[in-house]
Protein chains: 2
Amino acid sequence: MSAEATTTQREPGRAAPDGARASRQHTLRERNLRLVAREVFSPSGAGTTAPEAAPAVTPPPSRADVAAATGLTRATVSTLVDRLVRGGLVAELPPVAAQRAGRPAVPLVPAARTVVGLGIEVNVDYLGVRALDLAGERVADVVEQGTFHDSDPAVVLARLGEHAARVVARLEAEGMRVAGARLALPGLVDTRTGELEVAPNLGWSALDPVALLGLDDLPVEVANEAKLAALAELAGDVPPSFLYVSGDVGVGAGIVVERQLFLGERGWNGEIGHVVVDPAGPRCSCGAAGCLEQYAGKEVLLRAAGLPADASPGDLLAALEGGDGAAREALHRAGRALGSALADLVNLVGVSTVVLGGVYTELVPWLRGDVVDVLGERVLAAPFVDLDLRAARAGERAALDGGAREVLREVVADPAVWV
Amino acid sequence: MSAEATTTQREPGRAAPDGARASRQHTLRERNLRLVAREVFSPSGAGTTAPEAAPAVTPPPSRADVAAATGLTRATVSTLVDRLVRGGLVAELPPVAAQRAGRPAVPLVPAARTVVGLGIEVNVDYLGVRALDLAGERVADVVEQGTFHDSDPAVVLARLGEHAARVVARLEAEGMRVAGARLALPGLVDTRTGELEVAPNLGWSALDPVALLGLDDLPVEVANEAKLAALAELAGDVPPSFLYVSGDVGVGAGIVVERQLFLGERGWNGEIGHVVVDPAGPRCSCGAAGCLEQYAGKEVLLRAAGLPADASPGDLLAALEGGDGAAREALHRAGRALGSALADLVNLVGVSTVVLGGVYTELVPWLRGDVVDVLGERVLAAPFVDLDLRAARAGERAALDGGAREVLREVVADPAVWV
DNA sequence: CGCAATAGTTCAGCCATACAACAAACAGCC
DNA sequence: GGCTGTTTGTTGTATGGCTGAACTATTGCG
């Protein structure tokens, strides 16, 4: 890190540190617009009638609810909501007569099929494009199976770009606006420059993937696949901070704090796959020895279970349920190693919820015992927190959902651009 | 972590997520006041005449400089600066005639001896109270040597409270306002509740240290000692994000991102002392085996070097420089272990600058080689970043400085309360 | 059917900023 | 030494966005 004299160079896609610029009246409106949008998209339910036992799913808030929850006056909320409605970010449902007296409220919900976010991905065995609207509905989903190990990045990314362009064209023809796209890649991505440094399982290195996509009018940002998959969990019922660990050929992690990805300096973090489990252990492809991947990586796991390297997690699960000794021993070994590496992660990052994704998702019942044991032994704060280990909720190709959601999160976080 | 239905409970001392409340005109003023204060306290130097090669130390900015740097008009900056001056946060220096034409500018600097922050600390071998003013000057410094291993927390904390109260009384008699205090403790502190869960080296556990201080009118917050020491580094020339690792009886780390402490969920992070170095290694007091502390903890290090457990770092340094084989072998062993644990930290957190503090500070020349070697082997992003390993700059009892600085940082971040 | 209650809208007042004009203080220049 | 040009800091006036209170709209209840 050379001591460059750059003055806090702003990162491209990150939320601008918004205390850093002058605030004028215009800023006031932007901020309150954001506040109102946030309240519609994830209601805190502070203003509703029943303050006791909040229901599992909060009903859509009305203008009055938003006013009560935010502290703004009903007058201000009205004008802001009107803007959001005209801008197509928020929709009004037909007023439904409540049980109590008074004029019935107009429920406000995220608008469907107006603004959408795109998640796109190149992985070892598929290309994918997925679009989500603000209501969270999947409005496009294209997957091309294939084998992209040692492929030509220019060819593959151009092909993915074509898929994406077709999806964009179709959605725009239906009247939707595409806010942007997130490209998920299984490798080390510099979030500041958008460059892919290396993706071992694709055999790619040192290239600018956004340029190769050939999507000119669409703002595209790149991120690591496991990190975007972590964000997909936010659609479900997770705490605001958690660690997401995705098992695949490699093992990667996403650190989510207060519903936002923690990226370190350049997005090069969460590399749990090469955490030390045992320096006397097997050599790893990274050059070191005893890395987590040598115990809990997908291929290592399958091989240790006596299955071919291209077997599916389902095959492994079948072997486990069939009582296969080698398979169970492999899971035991992987579970202890995973517990050890996760303990380091929890001790260092200080987040106590761990979500296991990727191939681990279905294996959680077989991993839990060992992982929890080791966590209990090695996590220093274990006596004071409830360590929570759970399986990922998001389905297949979670990075696509996570990427699309991330685009939409930025739309909601800065609605002024869209109204 | 029980799924409590609390609605984003705000943490006491943390900067409130300020997009979460309604913005009125008053908010506008607060935010611009903060912006102006920040510009006076750490000038970005965007508005000065010479945009070429920024000098090592930026000269104090004038109102016009602040206007240029922030984008506010000179009129607005003037009123805001006047408020800060009247509030005693900012002082005007006598106008100095610049070399160029035009009315000479009034340099604006942090005010001296007006508002101060307190750092207070209980550690194994001393109690301390230190006060810093906004200009960074030490305006009080009280240290009581002692042995507080297995001490009575009520007695010791009351005694520290008395020291602090005396300092506060003296400073207030001199016309200064004490903005608050940070209590540094060598243990696991819950930053949400302010409770100390456990401090092994003091033999303390499960108590509320702030209540025991008996400082009624002073807002006091508690934090881990190593983390506050990390903040002390910000006084020097460090990058905005770095990892601070403090070697003592235990080994702790502070993660600083964009000049702010990263605290995870409850401040229980950076526990690098119990990262796995070798599961076949020596048993650790934490119950596990092969933790970093068993290789690079202060007492282990001294014993391995053939010195008594109460020897000083200076003794160790003398042995090293005298060519003592056991000492050098101990440092080699510690360096490799530290490198391994640091590699995990860097891989997981994604910050590439590491500052070594505590007893490591003076040992850096003897540790560097091994640490850098192992980091190069194990850090995945090593080919793409310059890993920067350096010795801590802050002097003795850095946590006191860090605590005081943290209090003042909050004053500058929210000057509206003080004008 | 009238009253209380709740939702949403309209309009005057206020506050902090922008913009523009001005006063203050200097260097340089003939 | 006085004039000009330049930069700093301070006065006004205008404007945008929010508040607060009054107002309309729509329901339940007796």
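Order of the sequence lines fixes the chain letters, A, B, ..., with proteins taken first and strands second; residue numbering starts at 1 for each chain. The basis for the numbers below is simple: all heavy atoms, side chains too, and nothing from hydrogens, waters or symmetry mates. What you see is a predicted model, and the numbers here were worked out from it, not measured in a lab.
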When you measure from the side chain of B:Thr27 to the backbone N and O of B:Arg24, does any donor-acceptor pair fall under 3.5 Å?
yes
Keeping B:Ser62 on the side-chain end and B:Ala105 on the backbone end, is there a donor-acceptor pair under 3.5 Å?
no
If I take atom CG from residue B:Leu33 and atom CG from residue B:Leu89, how far apart are they, to the nearest 0.5 angstrom?
8.0 Å
Ignoring hydrogens and geometry, is there a side-chain-to-backbone donor-acceptor pair from A:Glu221 to A:Gly194 under 3.5 Å?
no
To the nearest Å, give me how far apart NE2 (B:His26) and C1' (C:dT17) are.
15 Å
If I compare all heavy atoms of A:Arg34 with all of A:Ala413, which pair ends up nearest, and what's the gap?
NE-O, 2.7 Å
Rounded to whole angstrom units, what separation is found between the CZ atom of A:Arg31 and the P atom of D:dC18?
12 Å
For B:Arg266, is there any backbone N or O sitting under 3.5 Å from a side-chain donor or acceptor partner on B:Thr191?
yes
Atom CD of B:Gln25 and atom P of C:dA18 are separated, to the nearest Å, by 14 Å
Which residue, A:Ala101 or A:Leu28, contacts DNA chain D at a nucleotide closer to its 5' end, judged by nearest heavy atom?
A:Leu28
Selection: residues 102-111 of chain B, any non-hydrogen atom under 4.0 Å of DNA chain C
B:Gly102, B:Arg103, B:Pro104
B:Arg29 CZ to C:dC14 P: how many Å, rounded?
17 Å
For a quick test of reading the model: is some side-chain N or O of A:Arg100 closer than 4.0 Å to OP1 or OP2 of C:dA7?
yes
Report yes if at least one side-chain N or O of B:Asn32 is closer than 4.0 Å to OP1 or OP2 of C:dT17; otherwise report no.
yes
In residues 71-87 of chain B, which ones come under 4.0 Å of DNA chain D, going by heavy atoms?
B:Arg74, B:Ala75, B:Ser78
Looking only at heavy atoms, what is the nearest atom pair of B:Pro95 and B:Val106, with distance?
CG-CG2, 4.3 Å
Verify the contact: side-chain N or O of B:Arg63 to OP1 or OP2 of D:dT8, cut-off strictly under 4.0 Å; return yes or no.
no
When the distance from CZ of B:Arg24 to C1' of C:dT17 is rounded to whole Å, what number comes out?
18 Å
For a quick test of reading the model, state the closest non-hydrogen atom pair linking A:Val238 to A:Leu234 and the distance between them.
CG2-CA, 3.9 Å
Can you name the nearest heavy-atom pair linking A:Val115 to A:Ala179, along with the distance?
CG1-CB, 3.9 Å
OP1, OP2 of C:dG8 versus side-chain N and O of A:Ser62: anything below 4.0 Å?
yes
Has the side chain of B:Asp82 got a donor or acceptor atom that lies under 3.5 Å from a matching backbone atom of B:Thr79?
no
Pull out every protein N or O sitting under 3.5 Å from an N or O of nucleotides 28-30 of chain C, one pair per line with the distance.
none

Hey, does A:Leu228 have a side-chain heavy atom less than 4.5 Å from the side chain of A:Arg405?
no
